Amino acid sequence: AQSVTQLDSHVSVSEGTPVLLRCNYSSSYSPSLFWYVQHPNKGLQLLLKYTSAATLVKGINGFEAEFKKSETSFHLTKPSAHMSDAAEYFCVVSPNSGGYQKVTFGIGTKLQVIP
Amino acid sequence: NAGVMQNPRHLVRRRGQEARLRCSPMKGHSHVYWYRQLPEEGLKFMVYLQKENIIDESGMPKERFSAEFPKEGPSILRIQQVVRGDSAAYFCASSPATGGQETQYFGPGTRLLVL
């Protein structure tokens, strides 16, 4: 069994300040983890993914996430928020159990960036 | 390399009509997934298909919903006798293979409104 918990449904930051979006997971296997971003009325775009290589993963648009097995976390960060970062962010877990397994989406975190 | 394509982008139907949503996966991808996103909710898995095969339909409602991915042409998600509760955004994703490390690439979605 697997699950994803995004701890904040809404996060609000000022432009130029750091962003932290929190994600905790549970999985029976060593999982792959993903962050996707969805801008209003758009599809989902992959930001970054962790697949058991380096625990610090760099993604697009200055985002990065760190896989911490001991904390079962995969928080998304960015040093300085930009107005264009305002969107909804989804944390996704996929078990590496071999063969097909469903991925599980978190409920999403809406990021608001205040000018 | 074109991304995942979905059409129509917006679809309006009256209660009782049929809705037909189409998804063309990325070139070289033979795995297609359908998700539904209700307002203020995350993505919910519906069905996973490979060419001419339904692999996992555990997320599909038991009635009125069906999906196919024929040998030629796009994948189709079909909703018969639509009701207002079917109003949602429907996303298609594709991947080149299955397994935990494979990234799913999403289309822009079809937004269905049932009047």
Side-chain angles (χ1 to χ4, degrees), chain A residues 1-10 21 23 25 27-54 57 59-60 67 74 87-110, chain B residues 2-11 21 23-26 30-50 53-60 88-113:
Chain A
Q2 62 185 17
S3 65
V4 178
T5 302
Q6 290 186 244
L7 295 153
D8 307 293
S9 59
H10 291 81
L21 305 182
C23 173
Y25 70 91
S27 177
S28 302
Y29 301 90
S30 295
S32 292
L33 293 154
F34 306 78
W35 276 99
Y36 286 86
V37 60
Q38 184 183 27
H39 288 91
N41 297 314
K42 301 287 186 184
L44 278 75
Q45 180 184 17
L46 179 69
L47 273 180
L48 50 80
K49 69 176 184 180
Y50 165 78
T51 56
S52 74
V57 182
I60 61 171
F67 174 71
F74 190 58
E88 189 159 20
Y89 293 78
F90 293 94
C91 183
V92 179
V93 63
S94 176
N96 281 320
S97 58
Y100 165 68
Q101 286 286 340
K102 276 193 297 236
V103 301
T104 301
F105 280 76
I107 63 168
T109 299
K110 288 185 178 175
Chain B
V4 178
M5 294 191 291
Q6 290 186 249
N7 65 81
R9 294 289 304 276
H10 299 272
L11 183 60
L21 288 61
C23 169
S24 296
M26 285 180 71
S30 58
H31 301 254
V32 166
Y33 312 80
W34 284 93
Y35 295 86
R36 177 165 62 177
Q37 184 179 36
L38 293 166
E40 304 300 317
E41 294 187 20
L43 271 73
K44 302 295 184 187
F45 168 81
M46 299 183 74
V47 62
Y48 161 50
L49 310 103
Q50 296 179 25
N53 284 302
I54 297 174
I55 307 302
D56 181 356
E57 57 181 348
S58 58
M60 289 277 272
Y90 292 83
F91 290 95
C92 167
S94 73
S95 67
T98 192
Q101 298 194 5
E102 291 297 336
T103 300
Q104 293 184 18
Y105 295 88
F106 283 81
T110 294
R111 282 152 181 84
L112 172 65
L113 176 63

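In the text below, chain A, chain B and the rest are named by the order of the sequence lines, each starting its count at 1. Note that the structure is predicted; figures quoted are calculated from it, not measured.
- In terms of heavy atoms, A/Gln38 sits closest to B/Phe91 at NE2-CZ, 3.2 Å.
- Heavy-atom contacts from other residues, nucleotides or ligands closer than 6.0 Å to CE of B/Met5 number 12 or fewer.
- Not counting sequence neighbours, the partners of B/Asp56 by the side-chain contact (heavy atoms from CB on, under 4.5 Å) test are A/Tyr100, A/Lys102, B/Phe45, B/Tyr48, B/Ser58.
- Under the rule for a side-chain contact (heavy atoms from CB on, under 4.5 Å), the partners of B/Arg9 that lie at least two apart in sequence or sit in another chain are B/Pro108.
- In this structure, no portion of A/Val93 lies under 4.5 Å from any heavy atom of chain B.
- Scanning both residues, A/Leu44 and B/Phe106, for their nearest heavy atoms gives O-CB, 3.5 Å.
- Pairing each heavy atom of A/Tyr36 with each of B/Thr103, the nearest pair is OH-CG2, 3.8 Å.
- Looking at B/Gln37, only its side chain comes within 4.5 Å of chain A, counting heavy atoms on both sides.
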